[in-house]
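What follows is one structure encoded as structure tokens, with my remarks underneath.
Please read all numbers here as calculations on a predicted model, not as lab measurements.
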Amino acid sequence: MSQATTHRVFTLQCRPGVQSPEFCRPHLECRRFPRARPSPWHRSFCEAADHLRRSQHDRRASRLKAVCAAAKNAEARPATTAQHSVVALLDATPYLSDGSKQALATAAKSAQTSSSKVTVVLINGTSLADEDRKKRLDTIVWHFQQAEFSNFEVLEKQAETASVTIGDVADEVKADLLIMSVEPVHAKIVDANLLAEFVPCPMLLLP
């Protein structure tokens with residue numbers, strides 16, 4: 001179906017034999033002119049641009065799915081073949097938070113795969129009651145027993161700057177991997193920049 005565009009044309013109509021413009025009446029009439037069809041080059045360009053946008057969207061969606069799948073399965077697979085891992089817990093809860101439990105489970109599976117050792121360092125920002133400290137220690141031992149892992153030790157540290165203390169412990173035991181939950185970072189208990197500066201080994205922050 002052909003398409004047309006309406007244009008308004010302004011003309012002057014003069015009576016016959018009269019030359020002066022003051023006797024001329026303006027007349028407005030509408031004429032229809034056919035609209036030019038888009039060229040094949042224009043159609044090809046638009047189709048290529050649409051295809052490029054769809055391809056970019058698909059690639060971003062694929063990368064996002066891959067990142068989400070990796071984060072979801074972080075606990076299910078061994079983190080690395082480290083020979084000595086440090087698990088840093090900044091958890092005042094006697095029975096531990098979900099992030100702390102995930103860090104312990106990941107460290108146990110990694111250590112079982114590589115027959116390595118795990119050092120759990122408990123960072124106490126505030127003083128805890130003796131009963132709560134004992135419950136927290138028993139909870140850590142129980143989780144390792146459930147994973148059938150026994151090559152571990154637990155250290156307690158009182159620290160004002162947790163990031164520096166974690167780095168000092170990792171340096172003292174010559175750890176080659178630090179495992180911890182990202183919860184203390186989100187809660188601003190630990191500074192990620194200070195961790196990167198003071199921890200002498202790779203870090204695995206679990207979501």
Under 3.5 Å, which donor-acceptor pairs do the side chains of residues 191-206 form with other protein atoms, sequence neighbours left out?
unit_1, atom_1, unit_2, atom_2, d
D191, OD1, N193, N, 2.9

Quick one: side chains of residues 143-154, donor-acceptor pairs under 3.5 Å with protein atoms, not counting sequence neighbours, listed by atom name and distance.
unit_1, atom_1, unit_2, atom_2, d
N151, ND2, S116, O, 3.3
E153, OE2, T119, OG1, 3.0

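Here the side chains of V185 and V182 are in contact, with some heavy-atom distance below 4.5 Å. The closest side-chain heavy-atom distance from L104 to L89 is below 4.5 Å. Looking at heavy atoms from C-beta onward, L90 lies in side-chain contact with M180 at the 4.5 angstrom threshold. Taking 4.5 Å as the limit, some side-chain heavy atom of E183 sits within range of a side-chain heavy atom of S97.
Formation of a donor-acceptor pair under 3.5 Å by the D176 side chain with backbone atoms of Q83 is found in this model. Side chain of T139 to main chain of K135: a donor-acceptor pair is present (N/O by atom type, distance under 3.5 Å, no hydrogens or angles). Judged by distance alone, with hydrogens and angles left aside, the side-chain atoms of S115 form no donor-acceptor pair with the main-chain N or O of A111 at under 3.5 Å.
Q102 and S181 share no side-chain donor-acceptor pair at under 3.5 Å.
No continuous path of ILVMFWY side-chain contacts below 4.5 Å connects I140 to W142, so the two sit in separate hydrophobic clusters. Transitive grouping of hydrophobic side chains (ILVMFWY, heavy atoms separated by less than 4.5 Å) keeps Y95 and I123 in distinct clusters.
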Evaluate the criterion side-chain contact (heavy atoms from CB on, under 4.5 Å) for residue pair I166 and L178; output intermediate values, then yes/no. CA-CA 9 Å; I166 293 172; L178 170 66; 3.8 Å; yes

As a quick check of understanding, evaluate salt bridge (charged side-chain N to carboxylate O under 4.0 Å, His left out) for D130 and K134, giving each step before the final call.
CA-CA 6 Å; D130 292 340; K134 184 178 184 304; over 6 Å; no

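Partners of A107 according to the side chain to side chain contact (heavy atoms under 4.5 Å, CB included) rule, which considers only residues two or more places apart in sequence or in another chain, are V87, V118, I179.
If you run side chain to side chain donor-acceptor pair (under 3.5 Å) between N124 and each of R136, R133, K157, only R136 comes through.
For the atom pair CG (L122) and CG (L137), the distance works out to 7.5 Å, reported to the nearest 0.5 Å. Separating the CG atom in L155 from the OG1 atom in T165 is a distance of 12.0 Å, to the nearest 0.5 Å.
A pairwise comparison of heavy atoms in H84 and V173 identifies ND1-O, 3.3 Å as the closest pair. The two residues A175 and V86 have their closest heavy-atom pair at CB-CG2, 3.4 Å.
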